[in-house]
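Worksheet: one structure, shown below.
Remember, it's a predicted structure, so these values are computed and weren't measured experimentally.
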Amino acid sequence: MNYNINYFLSVVFTQILKQYDIRNVCISPGSRSTPLTTAFAKDDYFRKFVILDERSSGFFALGLSKRLKEPVIVVTTSGTAVANLHPALVEAANSNLPLIYCTADRPEYLTGKGVNQTINQKNLFSNHTSEFFDCDIPLIDIKFFDKLLKFTTSAFNRFSTHGFSPVHINFRFEKPLEDFSLNCSVDTDFINEIHFLIKKYSGQPKFIFSNIENHKKLIYRLLEGMPNRFAIFTGSDPLTEIEAECIKKLSSQLNAPVFADISSGLRFENSGENILRYPDVILRNEKIRKSLNISKAILFGKNPTSKGAELLFNQSKITTYAVYKGEGLNDPYNKHFIQIPATLEQFCEQVFEILNDIQSKENTANPTQFLEFLTNIDEYIGTKFSNSTNKKNSDEHLIEDEKYFIQYLQYLDESISEFITGYEPLNELTEAGIINKISSNLPVNSNLFISNSLPVRDFDTFAKKLPGSVKVFVNRGASGIDGILSTALGVAAAKKEASVIFTGDLSFFYDLTALHLIKKFNLKVLIIVINNQGGALFDYLPVSQDTEIFEEYFRTPAISNFKSLVKAFGIEYKQANSLTDFPSHLAAFTENSKSVVIEANIKPSFSKQIKDEFHSNISELHLEKNFKPVKNGSDHKPHKSE
């Protein structure tokens, strides 16, 4: 049988992808990548997204991977097209998302010779990829294909064994590139050998909870001295339903509060009384933060969005166990976290197993006594693992105030909720007011994508409990404002779900051309653009005091007329002149299939004033002094002092 050798190689590569159930592909048109594009285009197994702009394509793939939690292929031609993929790959690497970059290239002997559209693509992304393979000009030689298959299966298996991180495969093609330009002959025996190699190398192993005995020792140390001032934190990664249930169960069994990141999905309706609604507000208050005196914590995932959490970890000595399946240390605050490389589910399973083991050994079926027995866990550790901990007097851990730690946090959370509900300035058209207004009225079964800079921090502070079916997404790996729209549209396209995108004017402008993807892929999105006339984030930094250069070099207002730009892409445009406009806009979006951009013009100085006054007023409440514990059991709600 006669083939084009480049196309034959590309088809073999697609067969490897099928072994791993990888089916989503983002393709940017180009000449040198013709063999790869043709192989994907002619195979109905794959779901293809053709996107002109390579930078947008990379971020769109990032969004698909976020929502689907699976690898996504990105195909580009050679030259600067490859370089345009770099920003999305940086975000993917820092978010542990498995993008597979398939870049086309010219033969190596042409590199550095001044040949048109030829750059050195070898290891171009080396700082942000876990694996790189430079696939030379294809040969009908089983050793050549054995090398490719061995690499790809090893790289894809790495997704399961070491955590997700991007992979770069550079395919070198010589002309002719088209599948109908036949230039090689392949017999049946050779094809059978290829099939044998695919089956030989392919597999989908699950992540192994390695060194399990050592991890058990760490978990015993974590549990030592319970109950104490112990808290659970979730990072800026969306949780699956199973992961969310694991955290709720862990929180219940350890009677521990959960400081849930806005992107985790835990701060929703009916999420459980240990899940705090306003963790960022609690932790931003210096008096309250110090009064908590948290001694131990579990951090699931990467760095939390919360500014309050950042202040807490930076200013406190907390023994933190970072549960994180990924490359490198997860220690954003340089506090020498104790890292446990495991999935959230596996870690919780081990904790539950150990707790059940302790309960059965101590013969305590009464749940009300369980925490008291945990105070003596160090004695059990001594019998289970000698030299793993130093035995301490359990009375040192059982300080009376610690019994009411969870009550105290519930009281703080409820008090802040009551304050926010009656806080009149939140009825003004500001970022805080809009977030407070829309957060509990988002469409059911929708996605919420929040942009970086001020939007994500403001959402973390002012959002009410979101509808339980809403899934929240952010780009908090490298936390850039580039590619926000493209990523959000990738999230929307993953399962064709309605999506709300909350973004600032600069982020919107930066990724403006992504708007054409809404109609191209028939997406239903509501984009809320907070137009605060440029980089209002800089208003919060000391450089804002330098009035001579601030406006031109930092704030940099971008657009005065969003309406014309939005309509040029065939998207409906609306303007919100007051908070009362948002409920009707959200209702209209829910009822029809049209996508719409809503612009809200904000006065940045007034908005900053509202937020500053809010935190000042919270501080003046002296909540840390007004707590009165209920001493007749934890089933009663704490209340305030008269």
For this session: Give the intermediate values and the outcome of side-chain contact (heavy atoms from CB on, under 4.5 Å) for residues Leu485 and Phe449.
Result: CA-CA 9 Å; Leu485 287 184; Phe449 197 100; over 6 Å; no

Problem set entry | Test ring pair (Phe, Tyr, Trp, His ring centres under 6.0 Å) applied to Phe627 and Tyr404, step by step | CA-CA 10 Å; Phe627 171 63; Tyr404 309 112; 7.3 Å; no

Exercise. For Phe405 and Phe230, what are the C-alpha separation, side-chain angles and deciding distance, and is it a ring pair (Phe, Tyr, Trp, His ring centres under 6.0 Å)?
Worked result: CA-CA 9 Å; Phe405 180 55; Phe230 170 76; 9.1 Å; no

For this session: Could you walk me through whether Ser479 and Arg476 pass the side-chain contact (heavy atoms from CB on, under 4.5 Å) test, one step at a time?
Result: CA-CA 4 Å; Ser479 300; Arg476 293 300 289 179; 3.6 Å; yes

Exercise. Can Leu412 and Leu292 be said to form a side-chain contact (heavy atoms from CB on, under 4.5 Å), step by step?
Worked result: CA-CA 11 Å; Leu412 292 174; Leu292 295 178; 4.3 Å; yes

For this session: Quick one: do Ile434 and Ile530 satisfy side-chain contact (heavy atoms from CB on, under 4.5 Å)? Show the steps, please.
Result: CA-CA 9 Å; Ile434 293 170; Ile530 303 299; 3.6 Å; yes

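Taking NZ of Lys317 as the reference point, atom CG of Asn293 lies at 11.5 Å (rounded to 0.5 Å). Taking CD1 of Ile618 as the reference point, atom NZ of Lys287 lies at 12.5 Å (rounded to 0.5 Å). Distance check, rounded to the nearest 0.5 Å: NZ of Lys302 to CG of Asn94 gives 5.0 Å. Rounding to the nearest 0.5 Å gives a distance of 11.5 Å between CG of Leu276 and CD of Glu414.
Across every non-hydrogen atom of Leu239 and Ile247, the tightest pair is CD1-CD1, 3.7 Å. Nearest heavy atoms, Leu621 versus Asn626: O-ND2, 3.2 Å. Scanning all heavy atoms of the two residues, the minimum distance from Ile610 to Thr430 falls at CG1-CG2, 4.1 Å. Across all their heavy atoms, Ser451 and Pro455 have their closest contact at O-CB, 3.5 Å. For the pair Arg67 and Lys471, the tightest heavy-atom approach, listed with the atom from each and the gap, is NH2-CE, 3.1 Å. Val500 and Pro443 get closest at one heavy-atom pair: CG2-CD, 4.0 Å.
One N or O on the side chain of Thr421 and one on the backbone of Ser417 form a donor-acceptor pair closer than 3.5 Å. Formation of a donor-acceptor pair under 3.5 Å by the Ser507 side chain with backbone atoms of Thr503 is not found in this model. Using modelled atom types, one side-chain atom of Ser469 and one backbone atom of Asn445 make a donor-acceptor pair closer than 3.5 Å. Between the side chain of Gln407 and the main chain of Val630, a donor-acceptor pair closer than 3.5 Å is present. Under the 3.5 Å distance criterion, the side-chain polar atoms of Thr487 are matched with a main-chain donor or acceptor of Gly483. Distance alone, capped at 3.5 Å, places no donor-acceptor pair between the Asn285 side chain and the Val281 backbone. In this structure, the side chain of Arg229 does not engage the main chain of Ser295 through any donor-acceptor pair within 3.5 Å. In this structure, the side chain of Asn532 does not engage the main chain of Pro604 through any donor-acceptor pair within 3.5 Å. Within the 3.5 Å criterion, the main-chain N or O of Asp460 finds a donor-acceptor partner in the side chain of Arg267. Not a single donor-acceptor pair under 3.5 Å links the side chain of Arg284 to the backbone N or O of His615.
Ring pair Phe550/Phe554 is parallel by interplanar angle, where below 30° counts as parallel and above 60° as perpendicular. The aromatic rings of Phe614 and Phe419 sit tilted, their planes meeting at an angle between 30° and 60°.
At a threshold of 4.0 Å, the pair Glu599-Lys574 does not count as salt-bridged, since none of the basic side-chain nitrogens sits closer than that to a carboxylate oxygen.
Scored by the side-chain contact (heavy atoms from CB on, under 4.5 Å) test, Thr580 finds Ser578 as partners (sequence neighbours excluded). Applying the salt bridge (charged side-chain N to carboxylate O under 4.0 Å, His left out) criterion to Glu286, with sequence neighbours excluded, gives Lys290.
Taking the side chain as every heavy atom from C-beta outward, Leu355 and Val351 approach each other to under 4.5 Å.
A donor and an acceptor atom, one from each side chain of Ser544 and Asp539, are nowhere located under 3.5 Å apart. In summary, the side chains of Glu310 and Asn303 do not present any donor paired with an acceptor at a separation below 3.5 Å, with no hydrogens or angles considered. When only modelled atom types and interatomic distance are considered, Tyr324 and Asn96 share a side-chain donor-acceptor pair under 3.5 Å. At a cut-off of 3.5 Å, with distance as the only test, a side-chain donor of Thr343 or Gln346 sits close to an acceptor on the other residue. Looking only at atom types and distance, the side chain of Thr461 has a donor-acceptor partner in the side chain of Asp280 under 3.5 Å away. Side-chain contact, Asn356 with Glu353: no donor N or O sits under 3.5 Å from an acceptor N or O. Under the 3.5 Å distance criterion, with hydrogens and angles disregarded, a donor-acceptor pair is assigned to the side chains of Tyr540 and Lys611. A side-chain donor from one of Tyr423 and Asn617 sits under 3.5 Å from a side-chain acceptor of the other.
In the displayed structure, Ile242 atom CD1 is contacted under 6.0 Å by at most 12 heavy atoms of other residues, nucleotides or ligands.
A distance below 6.0 Å separates the ring centres of Phe337 and Phe313. Note: Phe459 and Phe502 meet the aromatic proximity criterion, with ring centroids under 6.0 Å apart.
A cation-pi arrangement, defined by a distance under 6.0 Å to the six-membered ring centre and an angle within 45 degrees of its axis, is present between Lys249 and Phe352.
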